[in-house]
Amino acid sequence: MSRTRRPGPQPGAAMASSPWILVAAGVVVMVVLLVVALGSVRGRSTFPAAGPADPVMSLPHVPPTPTAVTPTGPSSVSATAAVVPGLSPRSTVLPARPTPAAPTPSPRGVARPVLPPTPPPTPPSAVTGRYSVPSVFDGGFIGEVLLVNSARTARGWTVRAVFPGGRLVTAWVEGAEQGVFRFDDGVFTYRSGFDLAPGQSLPVRFHIERAGARPVSCTVDGTPCAER
């Protein structure tokens with residue numbers, strides 16, 4: 001007995017009879033492609049999105065000096081350039097020129113001060129003296145200054161003698177009015193108590209201890225004494 005073979009279902013006929021299968025397959029493919037695209041985009045975005053641009057700073061404008069040559073043409077650079085934040089640009093300020101020194105006036109036009117004339121030297125005193133040592137003893141001596149007035153009028157006088165380290169005991173004028181005397185730091189001074197008459201002479205004597213018989217200096221009215 002022979003069997004009759006039924007024809008099997010064809011693939012195209014199944015898909016034609018079920019269209020929702022095609023729709024579902026297309027949706028799955030689109031979802032897979034979308035997922036792959038999002039993953040690639042996230043993998044590339046490794047840096048954060050750029051924010052607002054930093055403010056641009058400008059250098060101060062420096063006017064060109066008279067001797068500087070300003071370049072022209074396409075190779076010229078603008079005086080104001082943008083500075084990138086965080087960087088320290090080199091200074092473009094030129095150093096100031098030194099101020100020239102003021103001219104010094106010629107000394108020829110300056111008037112020289114007129115100096116007063118030098119006073120003439122003081123003439124020697126009319127009253128002179130001669131120094132001598134009438135007496136020497138243990139521990140001291142007697143000194144004498146003989147005064148002589150060579151002027152035509154009466155004159156006062158002052159005797160001054162220096163005996164370093166000495167000590168004055170007393171002083172006097174022989175045969176005349178006494179004057180005023182003192183002894184400070186080895187300097188003996190005797191001022192007249194009267195004016196010496198023209199041509200008159202008299203001795204001034206003094207007792208000195210603890211010093212040599214010869215003074216370091218002896219003067220009468222500033223004129224050195226002679227020795228005898």
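Since this is a predicted model, take the numbers as computed values, not measurements. The chain is numbered in sequence order, starting from 1.
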Results of salt bridge (charged side-chain N to carboxylate O under 4.0 Å, His left out) for Glu177 - residues two or more places apart only: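 For Glu177, no residue satisfies salt bridge (charged side-chain N to carboxylate O under 4.0 Å, His left out) once neighbours in sequence are set aside.
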Salt bridge (charged side-chain N to carboxylate O under 4.0 Å, His left out) partners for Arg182, two or more places apart: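 Partners of Arg182 by the salt bridge (charged side-chain N to carboxylate O under 4.0 Å, His left out) criterion, ordered by chain and then number, come out as Asp184.
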So which heavy atom on [X] is nearest to which on [Y], and how close?
{"X": "Ser150", "Y": "Ala126", "value": "OG-O, 2.8 Å"}
{"X": "Pro198", "Y": "Ala151", "value": "CB-O, 3.2 Å"}
{"X": "Ala154", "Y": "Asp195", "value": "CB-CB, 3.8 Å"}
{"X": "Ala211", "Y": "Pro164", "value": "CB-O, 4.2 Å"}

Around atom CZ of Arg210, are there more than 12 heavy atoms from other residues, nucleotides or ligands closer than 6.0 Å?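 At most 12 heavy atoms, drawn from other residues, nucleotides or ligands, come within 6.0 Å of this atom.
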Answer yes or no: are there more than 12 heavy-atom neighbours, outside Arg205 itself, under 6.0 Å from its atom CZ?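 Above 12, so yes.
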Quick one: hydrophobic cluster around Val173, which other residues, with the 4.5 Å side-chain cut-off, linked directly or via members?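 For the cluster that includes Val173, the remaining residues are Val127, Tyr131, Val133, Val136, Phe141, Val145, Leu147, Trp157, Val159, Phe163, Leu168, Phe181, Phe183, Phe188, Tyr190, Phe194, Leu196, Leu202, Val204, Phe206, Ile208, Val220.
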Linking Ile, Leu, Val, Met, Phe, Trp and Tyr by side-chain heavy atoms under 4.5 Å, what else ends up with Val216?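 Besides Val216, the cluster holds Val162, Val187.
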Hey, what do you get for [atom1] ([X]) to [atom2] ([Y]), rounding to the nearest 0.5 Å?
{"X": "Glu144", "Y": "Cys225", "atom1": "CD", "atom2": "SG", "result": "11.5 Å"}
{"X": "Ser125", "Y": "Arg155", "atom1": "OG", "atom2": "CZ", "result": "7.0 Å"}
{"X": "Glu174", "Y": "Leu146", "atom1": "CD", "atom2": "CG", "result": "11.0 Å"}

Keeping the roles fixed (side chain from Ser135, backbone from Ile142), state whether a donor-acceptor pair exists under 3.5 Å.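 Between the backbone of Ile142 and the side chain of Ser135 there is no qualifying donor-acceptor contact (under 3.5 Å).
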Any donor and acceptor pair, going by atom type alone, linking the side chain of Asn149 with main-chain N or O of Gln200 inside 3.5 Å?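 No, the answer is negative, given that no donor and acceptor are paired below the 3.5 Å cut-off.
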Test: ring pair (Phe, Tyr, Trp, His ring centres under 6.0 Å). Region: residues 207-228. Which pairs qualify, not counting sequence neighbours?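 As it turns out, the ring pair (Phe, Tyr, Trp, His ring centres under 6.0 Å) pairs with a partner in residues 207-228, which skip direct neighbours, are Phe137-His207.
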Return all side-chain donor-acceptor pairs below 3.5 angstrom for residues 21-38, not counting sequence neighbours, or 'none' if the list is empty.
none

